[in-house]
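Before any comments, here is the structure.
FYI, side chains are in, hydrogens and waters are out, and symmetry mates aren't considered; it's all heavy atoms of this structure. By convention here, the first residue in the shown sequence is residue 1. Computed from a predicted model, the values in this text were never measured in an experiment.
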Amino acid sequence: MNKIAVIGAGTMGNGIAHTFAQNGFKVNLIDISEASLKKGIETITKNLDRQVVKELLTDSQKNETLLNIIPLNDLESGVKDADLVVEAASENLTIKLEIFKNLDMFCKPETILASNTSSISITQIAAATNRAAQVIGMHFMNPVPVMKLVEIISGYSTSKATLEKITSLSQKLGKTPVPVNDYPGFVANRILMPMINEAVETLYNDVAGVAEIDTVMKLGMAHPMGPLQLADFIGLDVCLAILEVMYDGFKNQKYAPCPLLVNMVRAGKLGVKSGEGFYDYSESRKAEIVSAQFS
């Protein structure tokens, strides 16, 4: 597999494109929004510059990486010659089903279709295509160029050959692929999101404040960042969407989103990307100032 198409130029999409391009793959980065494409390329450039400063890359390697990425607005032209398509669009089932239906029409018969979904059923996504054996999950972690894990999710009909190809490809990217089965939340979010939700419940029930909850988990459990800070980093809307998928999939009350989380998303307090969540990011992207609502 030499030609890669990545759908979605947001945080995950541009990180995935960056990672493939840095490892010598030709990448079409596709997004219907010209502004999102521009921002995505700018983000990749800034992240490459950081790698150069840290002497992880040379200027020549940075330039080669950027030359490997072609930004495109048109889905059909962007995927028609791809050997692998990685979808990193919104965590919305309706959107994903429409994308995969179109990919099945536009791509070569042998093309593998992967989704970066963090919780939605690969089996359900694959059902929108006529190539379920070639549909698989590649759940990268954020930030993609840095994090080593890739959850490889096999749907009900994913073939062993597809799993082996994607496992090998992930290793070529310098990642550690971990195969998991297709259940809501997979492994990472099935464990992580209830913890984040419980941290929000702890705040909601006035057991402790934002900084106090995060400090306990960082110092007591050796977590690199507290669960509320991590929720802000992921995006509270994303956390809510994943919890809703798991609650719907398992029908178990322990996955029900905390009312505080629901209200914050409704109010547009989504974390780092909106400038405020549990922390205030108006002056810095670091979680240093607790949001006025909780201080």
Side-chain angles (χ1 to χ4, degrees), residues 1 3-8 10 12-13 16-17 20 25 27-32 75-76 78-141 144 149-171 173 175 177-190 193 238 241-251 255:
M1 287 185 280
K3 295 181 180 179
I4 312 297
V6 177
I7 300 173
M12 296 305 295
I16 294 167
F20 273 105
F25 293 87
V27 182
N28 287 345
L29 179 59
I30 306 162
D31 200 297
I32 58 173
L75 180 65
E76 183 172 2
V79 303
K80 65 179 182 179
D81 294 324
D83 301 310
L84 168 69
V85 179
V86 182
E87 171 271 320
S90 302
E91 193 70 352
N92 178 293
L93 177 60
T94 301
I95 292 173
K96 291 186 187 299
L97 292 179
E98 183 65 22
I99 288 172
F100 274 78
K101 180 181 177 181
N102 287 326
L103 291 177
D104 193 42
M105 291 189 294
F106 299 153
C107 292
K108 300 179 296 184
E110 64 271 24
T111 301
I112 292 175
L113 309 180
S115 176
N116 182 59
T117 180
S118 53
S119 61
I120 295 172
S121 168
I122 297 301
T123 301
Q124 192 171 8
I125 290 172
T129 77
N130 292 307
R131 62 177 85 197
Q134 295 157 243
V135 179
I136 196 165
M138 291 185 78
H139 181 207
F140 291 86
M141 304 294 126
V144 180
L149 175 65
V150 183
E151 274 188 307
I152 308 294
I153 307 103
S154 291
Y156 186 84
S157 300
T158 304
S159 70
K160 184 178 179 181
T162 297
L163 174 61
E164 289 174 349
K165 287 178 182 178
I166 295 303
T167 298
S168 175
L169 178 66
S170 299
Q171 291 168 337
L173 296 175
K175 304 299 185 186
V178 177
V180 305
N181 291 319
D182 188 21
Y183 291 94
F186 315 131
V187 172
N189 283 317
R190 184 169 179 172
M193 287 303 155
V238 176
I242 295 169
L243 284 164
E244 288 175 336
V245 167
M246 292 197 294
Y247 183 52
D248 181 64
F250 291 116
K251 302 297 190 292
Y255 299 113

Interatomic distance, [X] atom [atom1] to [Y] atom [atom2] [nearest 0.5 angstrom]:
X: Lys165; Y: Ile136; atom1: NZ; atom2: CD1; answer: 11.0 Å
X: Ser115; Y: Gln124; atom1: OG; atom2: CD; answer: 11.5 Å
X: Leu75; Y: Leu103; atom1: CG; atom2: CG; answer: 5.5 Å
X: Ile242; Y: Met193; atom1: CD1; atom2: CE; answer: 4.0 Å
X: Thr129; Y: Leu97; atom1: OG1; atom2: CG; answer: 10.5 Å
X: Ile99; Y: Asp104; atom1: CD1; atom2: CG; answer: 13.5 Å

side-chain contact (heavy atoms from CB on, under 4.5 Å) for Phe25 and Leu84? Distances and angles first, verdict last.
CA-CA 11 Å; Phe25 293 87; Leu84 168 69; over 6 Å; no
Could you tell me which non-hydrogen atom of [X] sits nearest to which non-hydrogen atom of [Y], and how far apart they are?
X: Val6; Y: Gly13; answer: CG1-O, 3.5 Å
X: Ala188; Y: Glu151; answer: N-OE2, 3.0 Å
X: Ser154; Y: Asp182; answer: O-CB, 3.3 Å
X: Ala5; Y: Gly78; answer: CB-O, 3.7 Å
X: Ala82; Y: Lys108; answer: O-CE, 3.3 Å
X: Lys175; Y: Pro177; answer: O-CD, 3.3 Å

Main-chain N/O of [Y] paired with [X] side-chain donor or acceptor, under 3.5 Å:
X: Gln134; Y: Thr111; answer: yes
X: Ser170; Y: Ile166; answer: yes
X: Asn189; Y: Ser119; answer: no

For [X], the option from [options] that meets side chain to side chain contact (heavy atoms under 4.5 Å, CB included):
X: Ile153; options: Ile122, Asn181, Ile120; value: Ile122
X: Ile16; options: Asn116, Val150, Leu29, Leu173; value: Asn116
X: Met246; options: Phe186, Tyr255, Tyr183; value: Tyr255

Got a sec: does the [atom1] of [X] have more than 12 other heavy atoms crowding it under 6.0 Å?
X: Phe250; atom1: CZ; value: yes
X: Lys160; atom1: NZ; value: no
X: Ile32; atom1: CD1; value: no

Note, Glu87 side chain near Leu113 side chain (heavy atom, < 4.5 Å):
no
Under 4.0 Å between a Lys/Arg side-chain N and an Asp/Glu carboxylate O for Arg131 and Glu110?
no
Go through the steps to decide whether Glu91 and Thr117 satisfy the test side chain to side chain donor-acceptor pair (under 3.5 Å), and finish with yes or no.
CA-CA 6 Å; Glu91 193 70 352; Thr117 180; 2.8 Å; yes
